[in-house]
Amino acid sequence: MHPDLPDPDRLRAYLERIGAPDPGPPDLPYLRLLHQRHQRTVPFETLSIHLGEDIVLDYAALVAKVVDRRRGGFCYELNGAFAALLTALGYRVTLLAARIHGEHGFGPPLDHLALRVDLDEPWLVDVGAGRFADFPLRLAERGEQPDPGGVFQLTETPEGDLDLHRNGEPHSRLELRPRSLADFTMACWWQRTAPQSDFTASPTCSRLTEDGRVTLRGDRLITTGPDGRREETLPDERAVLAAYREHFGIDLSPGNPVTGRYAHAGDPAAARELCPAR
């Protein structure tokens, strides 16, 4: 087994973490199950940035953060760990670079990490972007692809990239050349440190649920479901800590930077909606 990939015990622990059954054949039904379960259990979160924790783009370190520390991460971490899981299960996985579309157009190069998984046909896999689909998308399909997360469509650009639309709106621009995890090191550093990065403005934690999404951005708790969207401002640090535990399984100590001076940081209205409540 490749030294960067989970050994059998780690593999089982990862599957238990996301509530997935014992390994099945590396086929589409099992991939679909893993894709949705991962998004429902492992949150997109930027807490490491505000806690001053180091972020190492190393497969073993990323798996340890998800499995042992029961944390989440942002795209490089989540899709990096998921790539290690899928590869250990026998899937053929390729790392792809993408640029998320926001208020001012597409982000910088290598703004986002996505995955290509090759079965009988190539599939676009992404457990690290809140506005992505619940299930993998057909990478070669150019028609509309309905999903619980919206209606998605891929179109080709004159430069040879692929533009992904969600519900008719631009979502991301995808490069098709293979990448390595190390290629994203500088972009990850920029996301962690640049004042222009949405991730440094305010801590964000978001997770797919069975009937919608739950997001905690600073001290604002946003939930969506069949009854629509509900937003509330949590009254104090104790309530913020309780929300992290209840909705994301993350236990933070009182007085840490996330619940202290960063709770009201930034301008949430101006932040790009990478993880909108839906």
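Owing to the predicted nature of the structure, the values given are computational and were not obtained by experimental measurement. Quick note: numbers below take in every heavy atom, side chains included, and nothing from hydrogens, waters or symmetry partners.
For R179, the side chain to side chain donor-acceptor pair (under 3.5 Å) test picks out E175, with sequence neighbours left out.
In this structure, a donor-acceptor pair under 3.5 Å is present between the side chains of D111 and Q191. Between the side chains of S202 and R220, not a single donor N or O lies within less than 3.5 Å of an accepting N or O.
Here the side chains of L85 and V63 are not in contact, with every heavy-atom distance at 4.5 Å or above. The side-chain heavy atoms of L174 and D161, taken from C-beta on, include no pair separated by under 4.5 Å. With a 4.5 Å cut-off on side-chain heavy atoms, F44 and R207 do not count as touching. Two residues are said to be in side-chain contact when any heavy atoms from C-beta on lie closer than 4.5 Å; L34 and L15 meet this criterion. L124 is not listed as a side-chain neighbour of R116, based on a closest heavy-atom distance of 4.5 Å or more. At least one side-chain heavy atom of I222 sits less than 4.5 Å from a side-chain heavy atom of R229. Inter-residue side-chain proximity for L221 and V214 is flagged as met; some heavy-atom pair is nearer than 4.5 Å. In this structure the side chain of L154 never reaches within 4.5 angstrom of the side chain of E141, judged on heavy atoms.
A donor-acceptor distance shorter than 3.5 angstrom exists from the side chain of D147 to the backbone of F135, with no hydrogens or angles considered. At least one donor-acceptor pair under 3.5 Å links the side chain of Q153 to the backbone N or O of R142. Between the side chain of E45 and the backbone N or O of G72, at least one donor-acceptor pair lies under 3.5 Å. Distance alone, capped at 3.5 Å, places no donor-acceptor pair between the R37 side chain and the P21 backbone.
The same ILVMFWY cluster, assembled from side-chain heavy atoms under 4.5 Å apart, contains both L119 and L115. In the hydrophobic clustering of this structure, V42 does not group with V56; members are Ile, Leu, Val, Met, Phe, Trp, Tyr whose side-chain heavy atoms approach within less than 4.5 Å, directly or through other members.
Rounded to the nearest 0.5 angstrom, S172 OG and L162 CG are separated by 9.5 Å. Between L139 atom CG and L176 atom CG the span is 6.5 Å, to the nearest 0.5 Å. Note: D198 CG to T46 OG1 = 10.0 Å, rounded to the nearest 0.5 Å. Separating the CD atom in Q39 from the CZ atom in F82 is a distance of 8.5 Å, to the nearest 0.5 Å. Taken to the nearest 0.5 Å, the CG atom of L216 stands 8.5 Å off from the OG1 atom of T204. Summarising the geometry, atom NE2 belonging to H35 is positioned 14.5 Å from atom OH belonging to Y30; distances are rounded to the nearest 0.5 Å.
D9 has a carboxylate O that lies under 4.0 Å from a charged side-chain N of R12, or vice versa, which qualifies the two as a salt bridge. Under the 4.0 Å criterion applied to side-chain N and carboxylate O atoms, E159 and R173 are not assigned as salt-bridge partners.
Of the residues R192, E77, K65, the one that meets the side-chain hydrogen bond (donor to acceptor under 3.5 Å, both in side chains) test with S48 is K65. When the options T185, L57, L95, L62 are evaluated for a side chain to side chain contact (heavy atoms under 4.5 Å, CB included) with Y76, the one that passes is L57.
Looking at every heavy atom in both residues, L113 comes nearest to D126 through O-OD1, 4.2 Å. Taking every heavy atom of both residues into account, G150 and N167 meet most closely at CA-OD1, 3.4 Å. The nearest pair of heavy atoms linking N79 to A114 is ND2-CA, 4.1 Å. For the pair A84 and Y59, the tightest heavy-atom approach, listed with the atom from each and the gap, is CB-CD2, 3.9 Å. The heavy-atom pair separating P109 from A187 by the smallest distance is O-CB, 4.3 Å. Between P23 and L89 the shortest heavy-atom distance is CB-CD2, 3.7 Å.
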task: Check step by step if side-chain contact (heavy atoms from CB on, under 4.5 Å) holds for L164 and F132.
output: CA-CA 10 Å; L164 177 64; F132 194 69; 3.8 Å; yes
- prompt: So Q196 and H104, side-chain contact (heavy atoms from CB on, under 4.5 Å) or not? Walk me through it.
  reply: CA-CA 12 Å; Q196 300 91 339; H104 303 293; over 6 Å; no
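Classification of the F74-F199 ring pair by plane angle, with boundaries at 30° and 60°, yields tilted.
Checked against the 6.0 Å centroid criterion, the rings of Y14 and H38 qualify as a close aromatic pair.
Counting only residues at least two apart or in different chains, side chain to side chain donor-acceptor pair (under 3.5 Å) contacts with residues 91-100 are absent.
More than 12 non-hydrogen atoms from other residues, nucleotides or ligands lie less than 6.0 angstrom from CG of D120.
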